[in-house]
*Asks:* 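Quick one: this structure, given as structure tokens, is what I'll be asking you about.
Just so we're on the same page: letters track the sequence lines, and every chain starts at 1. Computed over heavy atoms, backbone and side chain alike; hydrogens, waters and symmetry mates excluded.
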Amino acid sequence: MTNIQAAPQRPLLDAVRVSKHYGSNEVLKEVSLQVAAGEVVCIIGPSGAGKSTFLRCINRLEVPDAGEVWVDGQAMGFEERDGKLHELTERKLSKQRASTGMVFQHFNLFPHLTVLGNVMEGPVRVQKRASKVVETEARAVLERVGLGDKIDSYPSQLSGGQRQRVAIARAVAMKPLFLLFDEPTSALDPELVGEVLTVMAGLAADGMTMLVVTHEMGFAREVADRVVFMADGGIVEQGTVDEVLVNPREARTKRFLERVLA
Amino acid sequence: MSTPSAREYVRDSVRELLPQVRLRHWGRWVIAAVILVILGALAYGASQGDISWRDIPYYVISPIILQGLVNTIILAVAAQVSAVILGVIIALMRISENPVAKWFAAAYTWLFRGLPVLLQILLWYNLALIFPRLQLGIPFTDVVFVDLSTNAVMTTFVAAFLGLMLNESAYMAEIVRAGLNSVDRGQIEAAQSIGETPLQRMWRIVLPQAMRVIIPPTGNDFINMLKGTAMASVIGYVELIRAANNIASFNLQVMETLIAAAFWYMVIVSVASVGQSYLERSFDRSDRARGGPTRRARRRLARDLVTPPLVRSHP
Ligand SMILES: Nc1ncnc2c1ncn2[C@@H]1O[C@H](COP(=O)(O)OP(=O)(O)O)[C@@H](O)[C@H]1O
Ligand SMILES: [Mg+2]
């Protein structure tokens with residue numbers, strides 16, 4: 001990395017040749033992706049393509065074998081010193097992660113905390129902000145995802161769609177630089193998908209930077225600035241909605257779209 | 001056959017119901033009677049025994065027995081509390097990524113769970129036979145920070161405490177490990193995703209959820225521990241049984257004093273049981289989760305984790 005590349009026009013998120021393997025299974029093969037601030041990028045692709053693994057390599061829930069992930073000019077998991085990247089301790093990495101947010105397929109809400117407790121956990125415990133201020137903000141965020149009346153409920157008392165909206169609120173409350181979504185609606189009953197997608201579209205409209213793995217082609221078409229098609233551990237093609245979803249160049253993309261849109 | 005008229009239906013629905021004769025459960029009456037007869041026979045037999053029932057209440061509140069009661073409780077609580085702390089440490093080593101720590105924890109559990117508690121107590125108590133002095137210093141030099149007579153350190157309390165505590169810590173390590181493993185991996189990932197440090201993840205997210213699995217078997221273990229302290233009597237620690245024997249050695253009222261001790265065991269075990277269900281309930285309140293393991297599943301897990309008392313607390 002030279003200093004010229006680290007200039008301000010560098011994208012908010014810059015994944016450079018990220019590789020990951022499990023045993024002999026090459027899950028990610030030198031995947032590179034850049035996401036600019038305010039951009040909404042949807043990743044589509046068949047199951048097993050490595051989409052989740054790629055997302056988890058970005059916030060380092062999974063440690064890549066090779067490659068770099070730059071977030072806002074910092075290499076995730078490393079400290080740049082005398083021309084080298086020195087690996088961070090788990091503690092310091094945690095601090096770095098606080099600037100990113102993630103929404104999981106299975107919500108992963110904390111069952112022993114109330115809805116408000118779930119949303120306040122990060123800002124209070126990690127960012128060490130005053131809980132009075134945080135509570136006001138958390139209430140506002142929950143209001144925005146339409147759960148202002150569920151503040152004192154426990155996750156088990158909510159529907160799947162409500163749980164996922166709490167999970168989104170939990171991530172948003174950290175005021176992250178960007179949000180990662182890993183199939184946020186795949187575990188939901190069909191009639192509950194809409195309410196979650198609506199919240200996500202609202203965030204996108206507010207200018208939140210988002211990287212969304214999804215099978216919801218309708219959402220991608222409506223909201224995405226860019227669509228990325230992944231297969232076999234690599235990016236097959238990427239471009240605008242028109243370029244990838246309407247007029248794909250690659251045969252693999254066509255076959256995949258025919259299958260999911262059928 | 002003629003169909004009944006509407007009038008007949010109406011009459012049918014307002015007529016008096018026929019009396020019903022309930023089934024008499026003669027078998028139950030017979031069994032109940034047999035049980036009562038047997039109990040009566042036993043009570044009569046007991047009353048014929050050469051035992052002085054009137055003396056028992058006196059022993060129950062005698063200062064010697066009460067001192068034994070206090071010593072029993074002190075030993076059990078000290079051993080259990082230390083075992084919980086040590087068990088957590090061993091469990092964390094067991095699930096850590098450090099192969100040496102993992103190996104050590106496994107070996108520790110294997111050793112201290114494998115040996116009978118009574119044997120462990122006897123080994124500690126007789127430590128002076130092989131190490132007359134306990135020294136802390138730098139090997140191969142003359143530097144010694146601490147130098148103590150083993151017999152002075154290894155009192156009956158210390159030997160019993162070590163034997164009970166180390167054995168229990170091995171069980172606690174397994175209980176805590178099962179508790180930690182019961183928490184979904186996604187919980188840790190969610191905590192990571194909001195930037196929590198490893199310590200915060202453990203303390204704020206994993207442990208509170210693991211407690212629901214950890215508490216029931218720990219309560220059972222404590223109840224076993226209360227009874228297990230009886231083994232300390234063998235080396236002369238004056239807990240309830242030793243206290244009872246001390247009185248009996250003067251006046252030969254062996255059964256009377258033992259029954260007084262039995263009374264106190266029943267009391268402390270009952271109190272501990274009530275405390276356990278109270279604790280369980282208070283940790284259940286935060287868990288209206290249909291997501292986590294259900295109360296029933298946790299009880300089952302708790303039951304599986306608790307080794308039958310026969311193996312545990314009898315010499
Ligand atoms: N923790 C893991 N251990 C071993 N193999 C894994 C692990 N996670 C994912 N994989 C494998 O990596 C491949 C890609 O998985 P994933 O990233 O989940 O794909 P996608 O999200 O596109 O469906 C799959 O073949 C999967 O079996
Ligand atoms: Mg996936």
Side-chain angles (χ1 to χ4, degrees), chain A residues 52 55-56 58-62 89-114 117-128 152-158 160 163 166-167 169-176 179-182 187, chain B residues 92-93 95-99 101-102 176 178-216 279-298 301:
Chain A
S52 298
L55 233 52
R56 296 157 57 81
I58 288 174
N59 65 354
R60 225 173 160 80
L61 288 187
E62 217 68 73
T89 61
E90 185 68 27
R91 243 186 103 77
K92 286 188 176 161
L93 169 62
S94 301
K95 205 167 275 175
Q96 245 185 359
R97 272 204 200 100
S99 65
T100 71
M102 189 168 207
V103 175
F104 301 86
Q105 182 174 351
H106 296 287
F107 330 131
N108 298 351
L109 291 180
F110 306 130
H112 59 301
L113 302 180
T114 61
N118 268 275
V119 177
M120 289 177 61
E121 176 74 14
V124 172
R125 303 288 160 177
V126 176
Q127 296 174 331
K128 314 270 187 217
D152 294 321
S153 303
Y154 281 86
S156 59
Q157 298 166 319
L158 304 179
R163 287 184 208 187
V166 175
R170 177 175 67 183
V172 168
M174 295 288 291
K175 301 180 180 167
L179 283 179
L180 306 168
F181 292 83
D182 190 1
Chain B
L92 289 177
M93 290 171 83
I95 63 170
S96 81
E97 314 229 326
N98 185 329
K102 257 179 144 69
V176 172
L180 297 180
N181 283 341
S182 75
V183 179
D184 180 29
R185 245 216 85 75
Q187 290 292 308
I188 299 169
E189 294 182 351
Q192 279 179 301
S193 80
I194 57 170
E196 294 203 332
T197 62
L199 202 66
Q200 286 176 319
R201 281 174 232 157
M202 184 55 67
W203 192 248
R204 296 278 314 160
I205 306 300
V206 177
L207 267 184
Q209 295 183 60
M211 283 317 255
R212 297 169 299 151
V213 168
I214 291 172
I215 282 183
L279 256 184
E280 258 182 67
R281 234 172 307 125
S282 73
F283 267 91
D284 250 16
R285 244 181 302 142
S286 59
D287 150 41
R288 289 162 215 175
R290 267 169 273 146
T294 62
R295 204 182 153 90
R296 177 116 59 79
R298 265 178 281 124
L301 185 55

*Asks:* Hey, does the side chain of H112(A) reach the backbone of V206(B) with a donor-acceptor pair shorter than 3.5 angstrom?
*Replies:*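 Side chain of H112(A) to backbone of V206(B), a donor-acceptor pair under 3.5 Å: no, none is there.
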
*Asks:* Can you name the nearest heavy-atom pair linking G186(B) to N108(A), along with the distance?
*Replies:*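 Smallest interatomic distance, heavy atoms only, reads O-ND2, 3.1 Å.
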
*Asks:* Testing the basics here: between V126(A) and Q200(B), what is the closest heavy-atom pair and its distance to 0.1 Å?
*Replies:*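 Heavy atoms of V126(A) and Q200(B) come nearest at CG2-OE1, 4.1 Å.
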
*Asks:* What are the two closest non-hydrogen atoms of Q192(B) and R97(A), and how far apart are they?
*Replies:*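 Scanning both residues, the minimum pair turns out to be O-CD, 3.3 Å.
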
*Asks:* In Å and rounded to the nearest 0.5 Å, what is the CG to CD1 distance from N59(A) to I194(B)?
*Replies:*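 Nearest 0.5 Å value for the CG-CD1 distance: 12.5 Å.
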
*Asks:* Taking all non-hydrogen atoms of both residues into account, name the closest pair between L109(A) and Q187(B) and its distance.
*Replies:*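 Smallest interatomic distance, heavy atoms only, reads O-NE2, 2.7 Å.
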
*Asks:* Could you look at L180(A) and say if it's the side chain, the backbone, both or neither that has a heavy atom under 4.5 Å from chain B?
*Replies:*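 Neither part; nothing is under 4.5 Å.
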
*Asks:* Looking at every heavy atom in both A190(B) and F110(A), which two are closest together, and how far apart are they?
*Replies:*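 Looking at all heavy atoms of both residues, the closest pair is CB-CE2, 3.8 Å.
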
*Asks:* How many angstroms lie between atom OG of S193(B) and atom CG of L179(A), to the nearest 0.5 angstrom?
*Replies:*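 Taking OG in S193(B) and CG in L179(A), the distance rounds to 10.0 Å.
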
*Asks:* Within a 6.0 Å radius of atom CG on L199(B), are there more than 12 heavy atoms belonging to other residues, nucleotides or ligands?
*Replies:*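 No, not enclosed.
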
*Asks:* So with a 6.0 Å cut-off around NZ of K95(A), is the heavy-atom count from everything else above 12?
*Replies:*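 Result for NZ/K95(A): open.
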
*Asks:* Between E196(B) and R91(A), is there a side-chain N and carboxylate O pair less than 4.0 Å apart?
*Replies:*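 So E196(B) does not pair with R91(A) through a salt bridge.
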
*Asks:* Out of R201(B), E189(B), R185(B), which one racks up the most heavy-atom pairs below 4.5 Å with chain A?
*Replies:*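 Of the options given, most contacts go to E189(B).
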
*Asks:* R56(A) versus chain B, heavy atoms under 4.5 Å apart: side chain, backbone, both or neither?
*Replies:*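 R56(A) touches chain B through side-chain heavy atoms alone.
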
*Asks:* Can you list the steps and then say if I205(B) with E121(A) is a side-chain contact (heavy atoms from CB on, under 4.5 Å)?
*Replies:* CA-CA 10 Å; I205(B) 306 300; E121(A) 176 74 14; 4.2 Å; yes

*Asks:* Would you mind checking which part of M102(A) comes under 4.5 Å of any heavy atom in chain B, side chain (CB onward), backbone (N, CA, C, O), both or neither?
*Replies:*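 It is both, since atoms from each part get that close.
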
*Asks:* Apply side-chain contact (heavy atoms from CB on, under 4.5 Å) to the pair E90(A) and T197(B), showing each step before the final yes or no.
*Replies:* CA-CA 7 Å; E90(A) 185 68 27; T197(B) 62; over 6 Å; no

